There are 2 protein chains.
Amino acid sequence: MLERLSQCDMTVGALAEPLEMSLAAASKHIGVLEEAGLIRRQKRGRERVCSLDPRGLEAVRDWAERYVGFWNERLDALDRALKELDDE
Amino acid sequence: MLERLSQCDMTVGALAEPLEMSLAAASKHIGVLEEAGLIRRQKRGRERVCSLDPRGLEAVRDWAERYVGFWNERLDALDRALKELDDE
DNA sequence: GGAATAGTCAACCAATTGATTGACTATTTA
DNA sequence: TAAATAGTCAATCAATTGGTTGACTATTCC
């Protein structure tokens, strides 16, 4: 769903269409994504249009980036420690 | 668990210690993280030492980054379209 | 203005998850 | 060498999740 929403916004029905589940089930899933802050739903007449919420995905990326950053820091620290051993 | 492992590697028991659950439950959770590619477990004697697997977290970051990137691309496209309107 | 469409909600049930406990294996310590 | 420690696994049960169905509301179309 997220991948398809990255191409363009779409209604709940359009999002549900390729999925082998009922509209109600798809609606439920969309509700979970909305609750997680990954998408937004906007009412337009009888249609609800869904769109990605970049803030939610930025939060995920930033969260993961912190760990990648930590790892690199630890590798750097190891590198420095090894250099110090070499200088002795 | 991931946050604490970003500080230093630790055994299953040490990871489990601050959690209000049985050792078996914590072991289960660690198994899930391992299966997800986020951590690795290495046997050292009777101890299993856990460490972050940067590749797993890089994959998560990259996945989220793609969506942030898509979003920015769409904003850029909108920007260009609006400029074209202004030039008319 | 009624039929059709879009979507949600509650009730229900099956499947999965989350946690515990006891039993077990492997390793370390006294 | 036996006790202690570290950790896993299977069985069990409660809680949660995932999906369907029918009923409903809101909006659009004929």
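In what follows, chains carry the letters A, B, and so on, assigned in the order in which the sequence lines appear, proteins first and then strands, with residues in each chain numbered from 1. Just so we're clear, the structure is a prediction, and the values are computed from it rather than from any experiment.
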Student: Go through D:dT20, C:dT8, C:dT27 for me and flag the one nearest to the B:K43 side chain.
Tutor: C:dT27
Student: Does C:dT8 have its OP1 or OP2 closer than 4.0 Å to a side-chain nitrogen or oxygen of A:R41?
Tutor: yes
Student: Kindly point out which of D:dC9, C:dC9, D:dT27 is positioned nearest to the side chain of A:R46?
Tutor: D:dT27
Student: Here's a test of your reading of the structure: between B:V49 and A:G45, which maps to the more 5' nucleotide of DNA chain D?
Tutor: B:V49
Student: Provide, to the nearest angstrom, the distance between the CD atom belonging to A:E34 and the C1' atom belonging to C:dT8.
Tutor: 12 Å
Student: Taking NE2 from B:H29 and C1' from C:dT16, how many angstroms apart are they, rounded to a whole number?
Tutor: 14 Å
Student: Could you check how far CD of B:Q42 sits from P of D:dT8, rounded to whole Å?
Tutor: 13 Å
Student: Using the rule that two of Ile, Leu, Val, Met, Phe, Trp, Tyr join whenever any of their side-chain heavy atoms come within less than 4.5 Å, decide whether A:V49 and A:L19 are in one cluster.
Tutor: no
Student: With a 4.0 Å cut-off on heavy atoms, is B:K28 in touch with a base, just the backbone sugar-phosphate, or nothing at all?
Tutor: base
Student: May I have the distance from B:I30 (atom CD1) to D:dC9 (atom P), rounded to whole angstrom?
Tutor: 12 Å
Student: Is there a donor-acceptor pair under 3.5 Å between the side chain of B:R4 and the backbone N or O of B:A14?
Tutor: yes
Student: Using the rule side chain to side chain contact (heavy atoms under 4.5 Å, CB included), only one of B:M10, B:R41, B:Q42, B:E34 pairs with B:C50; which is it?
Tutor: B:R41
Student: Can you measure B:L19 atom CG to C:dG18 atom C1' for me and round it to whole angstrom units?
Tutor: 13 Å
Student: So do the side chains of B:L2 and A:W63 get within less than 4.5 Å of each other, counting heavy atoms only?
Tutor: yes
Student: Rounded to whole Å, how long is the line connecting atom CE of B:M1 with atom C1' of D:dG7?
Tutor: 13 Å
Student: Take A:L38 and A:L5 through the side chain to side chain contact (heavy atoms under 4.5 Å, CB included) test and state the conclusion after the steps.
Tutor: CA-CA 11 Å; A:L38 298 176; A:L5 283 175; over 6 Å; no
Student: To the nearest Å, how far apart are A:M21 CE and D:dT20 P?
Tutor: 7 Å
Student: Once you round it to whole Å, what is the distance between P of D:dG7 and CE of B:M10?
Tutor: 12 Å
Student: So A:R44, base contact, sugar-phosphate only, or nothing? Heavy-atom distance under 4.0 Å.
Tutor: nothing
Student: For the side chain of B:A24, counting heavy atoms from C-beta on, which of C:dG7, C:dT21, D:dA6 is nearest?
Tutor: C:dT21
